[in-house]
Number of protein chains: 2
Amino acid sequence: MKHIADSTVRRLSAYLRFLEDFEHRGLTTISSDELAKQGGTTSAQVRKDLSFFGSFGKRGLGYSVPELSGRLREILGLSQHWRVIIIGAGKIGAALAQYRGFRQRGFSIVAAYDNNPEKIGRTLEGIPVRDIAQIEHDIQREAPEIAVLTVPAEAAQPMLDRLVRAGIHAILNFAPTQLQAPPEVTVKTVNMAMELEGLSFALTNRE
Amino acid sequence: MKHIADSTVRRLSAYLRFLEDFEHRGLTTISSDELAKQGGTTSAQVRKDLSFFGSFGKRGLGYSVPELSGRLREILGLSQHWRVIIIGAGKIGAALAQYRGFRQRGFSIVAAYDNNPEKIGRTLEGIPVRDIAQIEHDIQREAPEIAVLTVPAEAAQPMLDRLVRAGIHAILNFAPTQLQAPPEVTVKTVNMAMELEGLSFALTNRE
DNA sequence: TTTAACTTGTGAATGAATTCACAAGCGCAT
DNA sequence: ATGCGCTTGTGAATTCATTCACAAGTTAAA
Ligand SMILES: NC(=O)c1ccc[n+]([C@@H]2O[C@H](COP(=O)([O-])OP(=O)(O)OC[C@H]3O[C@@H](n4cnc5c(N)ncnc54)[C@H](O)[C@@H]3O)[C@@H](O)[C@H]2O)c1
Ligand SMILES: NC(=O)c1ccc[n+]([C@@H]2O[C@H](COP(=O)([O-])OP(=O)(O)OC[C@H]3O[C@@H](n4cnc5c(N)ncnc54)[C@H](O)[C@@H]3O)[C@@H](O)[C@H]2O)c1
């Protein structure tokens with residue numbers, strides 16, 4: 001398949017969110033224009049994004065809401081459930097473990113891991129905190145697909161290497177550090193300090 | 001000033017991070033090539049990014065680490081302190097309030113706000129949780145520049161409007177929803193579910 | 001059946017971001 | 001002083017993303 005830009009994938013996620021809203025409200029069709037207004041983009045952009053994957057609309061009418069949302073779920077890989085592990089049961093790891101929004105969208109958090117004996121053995125709203133020492137064993141047994149990395153920055157790269165060796169191919173990183181990974185592994189980094197700095201820049205450089 | 005792309009600003013943040021590392025290790029000069037390797041980009045990209053703001057390097061030698069990091073701090077608006085308020089003292093709001101990484105980079109969290117009487121009056125590692133009802137008054141008195149929005153999705157847009165009316169011009173939003181704001185207000189949204197969906201897409205569509 | 005009002009899907013045009021490529025400047029050794 | 005090795009700064013070229021613009025398809029009403 002032709003390479004799909006990151007920005008396109010993000011917009012697809014956004015479209016799916018609006019479609020779910022629409023579905024809830026019992027509406028059955030939607031035009032690229034309505035979809036665009038919701039997402040702060042243009043109708044041409046919406047159609048172009050979808051055109052990479054096929055033609056799902058009806059000319060003159062728009063898109064069937066349930067059909068399009070189904071297609072988007074397939075495209076995004078959300079027709080299946082994904083198993084997620086959280087590495088580092090600290091403040092941010094715990095907040096994420098307890099967050100319901102993920103499970104609702106098909107991501108089940110199966111366990112958290114830590115190296116602090118005080119934390120190992122507890123649970124976070126039903127999610128067990130396990131010893132990081134057993135992670136290779138667990139990955140083999142439970143085959144989680146996605147790891148969320150919430151350890152201190154200096155532990156992040158070694159931990160990533162360890163996860164990759166153990167067979168993880170997708171990592172969501174919260175440590176504020178640039179990580180190296182082999183090409184078959186996808187890493188996304190959420191860097192909140194960087195976002196704040198973007199705001200600082202905007203405040204400083206507006207006229 | 002010419003318009004600066006968001007991607008450029010993000011890279012500037014990244015460069016600054018590496019420079020601080022370098023500074024710590026006592027190194028005094030760095031080339032665009034070294035900076036690029038650290039940041040996973042190219043030396044031409046580094047030089048182009050910097051060229052929007054001036055010429056800070058010495059041909060044949062590279063950049064002075066302390067000078068360049070100082071310049072970047074100025075450009076990003078980090079030579080001054082920013083006052084930050086957190087709206088929604090829930091799980092993610094609390095994690096952010098307690099996070100040391102922000103203060104270290106010049107963002108002081110002055111208060112959190114909530115509408116839950118159980119939470120109002122408590123503190124989160126020294127940060128007071130105040131009644132949301134008093135926010136207009138406090139904004140006028142304390143003039144915080146940045147608001148972090150960590151309320152439930154359905155409360156996010158009305159709360160944004162309220163913050164904007166009260167005089168806030170920069171908002172970091174964690175609610176998974178598309179927000180509308182007037183052009184003089186900068187909004188950045190961190191949408192973790194969207195990031196996970198990006199990973200799901202990558203896992204599904206790799207060959 | 002014909003017409004009018006809409007909306008999609010997509011090449012072509014435009015615009016934005018990145019990469020190339022090289023002249024010019026600097027430091028150091030000779 | 002000269003030459004060599006290295007690195008910047010920046011127009012030009014290229015690649016990538018978005019927007020335009022319109023033929024073609026659909027519905028509904030007359
Ligand atoms: N808290 C926030 O709001 C926030 C915001 C942005 C980024 N971050 C980043 O997220 C990461 C975690 O932050 P936090 O505030 O949750 O810190 P924290 O100290 O509360 O949590 C880190 C956890 O990781 C565990 N840990 C450390 N080394 C480990 C190892 N080798 N193996 C397994 N577990 C290990 C610790 O025991 C601790 O429980 C940091 O990189 C931080 O910079 C946090
Ligand atoms: N927890 C996470 O890991 C996580 C991850 C991604 C996104 N988010 C998003 O962040 C937001 C907060 O999530 P959370 O898990 O912290 O939820 P939470 O319920 O723990 O926290 C929300 C807080 O906002 C307060 N609140 C609600 N309405 C308010 C109002 N009108 N004024 C002031 N305060 C109000 C509540 O009292 C509560 O304390 C949500 O939009 C959620 O989707 C959370």
Side-chain angles (χ1 to χ4, degrees), chain A residues 1-15 18-19 22 27-72 75 178 194 198 201 205, chain B residues 1-15 18-19 22 27-72 75 178 194 198 201 205:
Chain A
M1 193 212 291
K2 206 178 143 302
H3 177 257
I4 302 294
D6 225 59
S7 49
T8 296
V9 178
R10 302 179 70 81
R11 283 193 300 266
L12 294 178
S13 283
Y15 303 155
F18 304 134
L19 286 168
F22 259 66
L27 302 170
T28 61
T29 63
I30 187 171
S31 68
S32 57
D33 199 51
E34 292 169 277
L35 219 31
K37 280 207 198 83
Q38 291 290 315
T41 177
T42 66
S43 63
Q45 180 78 81
V46 172
R47 297 199 300 276
K48 182 66 85 181
D49 286 341
L50 296 175
S51 77
F52 296 133
F53 302 95
S55 7
F56 310 128
K58 271 209 172 47
R59 288 164 195 235
L61 197 64
Y63 301 87
S64 146
V65 171
E67 189 200 323
L68 185 56
S69 64
R71 289 311 194 87
L72 285 179
I75 291 165
Q178 173 78 24
M194 211 175 257
F201 177 83
N205 300 74
Chain B
M1 195 209 293
K2 210 179 141 302
H3 176 257
I4 302 295
D6 224 60
S7 49
T8 296
V9 178
R10 303 179 70 81
R11 283 192 300 269
L12 294 178
S13 281
Y15 303 155
F18 303 135
L19 285 169
F22 259 67
L27 301 171
T28 61
T29 64
I30 188 172
S31 69
S32 58
D33 199 52
E34 292 168 278
L35 218 32
K37 281 209 197 80
Q38 292 290 314
T41 179
T42 65
S43 63
Q45 180 77 81
V46 172
R47 295 198 300 277
K48 181 67 85 182
D49 286 340
L50 296 177
S51 78
F52 296 133
F53 302 95
S55 10
F56 310 129
K58 271 210 173 47
R59 289 163 195 236
L61 197 65
Y63 301 87
S64 146
V65 171
E67 189 200 322
L68 185 56
S69 63
R71 289 310 195 91
L72 286 178
I75 291 166
Q178 174 78 23
M194 209 174 256
F201 177 84
N205 300 74

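Note on naming: letters A, B, ... go to the chains in the order of the sequence lines (proteins, then strands), and numbering restarts at 1 for each one.
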Show the nearest heavy-atom pair for residues B:M194 and A:R10, with the distance to one decimal. CE-O, 3.7 Å
Both A:K48 and A:G62 contact DNA chain C. Which one's nearest nucleotide lies toward the 5' end? A:G62
Nearest whole Å is fine: how far is [N] [atom2] from [X] [atom1]?
X     : N      : atom1 : atom2 : result
A:K58 : D:dA28 : NZ    : C1'   : 16 Å
B:E67 : D:dT8  : CD    : P     : 13 Å
B:D49 : C:dA16 : CG    : C1'   : 14 Å
B:D33 : C:dT19 : CG    : P     : 13 Å
A:I30 : C:dT7  : CD1   : P     : 12 Å
A:I4  : D:dT18 : CD1   : C1'   : 15 Å
B:R71 : D:dG9  : CZ    : C1'   : 15 Å
B:F52 : C:dA16 : CZ    : P     : 12 Å

After noting the C-alpha distance and the side-chain angles of A:T28 and A:V65, does the key distance pass the side chain to side chain contact (heavy atoms under 4.5 Å, CB included) rule? CA-CA 5 Å; A:T28 61; A:V65 171; 5.6 Å; no
For a quick test of reading the model: is some side-chain N or O of [X] closer than 4.0 Å to OP1 or OP2 of [N]?
X     : N      : value
B:S7  : C:dA17 : no
B:T42 : C:dT19 : yes
B:Q45 : C:dT19 : yes
A:Y63 : D:dT26 : no
B:S32 : D:dT7  : no

With hydrogens left out and only the distance checked, is there a donor-acceptor pair under 3.5 Å joining B:R59's side chain and the base of D:dT8? yes
Side chain to side chain contact (heavy atoms under 4.5 Å, CB included) for B:K48 and B:S51? Distances and angles first, verdict last. CA-CA 5 Å; B:K48 181 67 85 182; B:S51 78; 4.0 Å; yes
Answer yes or no: is there a side-chain heavy-atom contact under 4.5 Å between A:F18 and A:I30? no
Look at all strands and tell whether A:S43 reaches a base, only sugar-phosphate, or nothing, counting heavy atoms closer than 4.0 Å. nothing
Please work out if A:F56 contacts a base, only the sugar-phosphate, or nothing of the nucleic acid, heavy-atom cut-off 4.0 Å. sugar-phosphate
Interatomic distance, B:L68 atom CG to B:I75 atom CD1 [nearest 0.5 angstrom]: 7.5 Å
First of B:A44 and A:R47 reached from the 5' end of DNA chain D, by closest nucleotide: B:A44
Please tell me which of A:A5 and B:G57 maps to the more 5' nucleotide of DNA chain D, matching each residue to the nucleotide holding its nearest heavy atom. B:G57
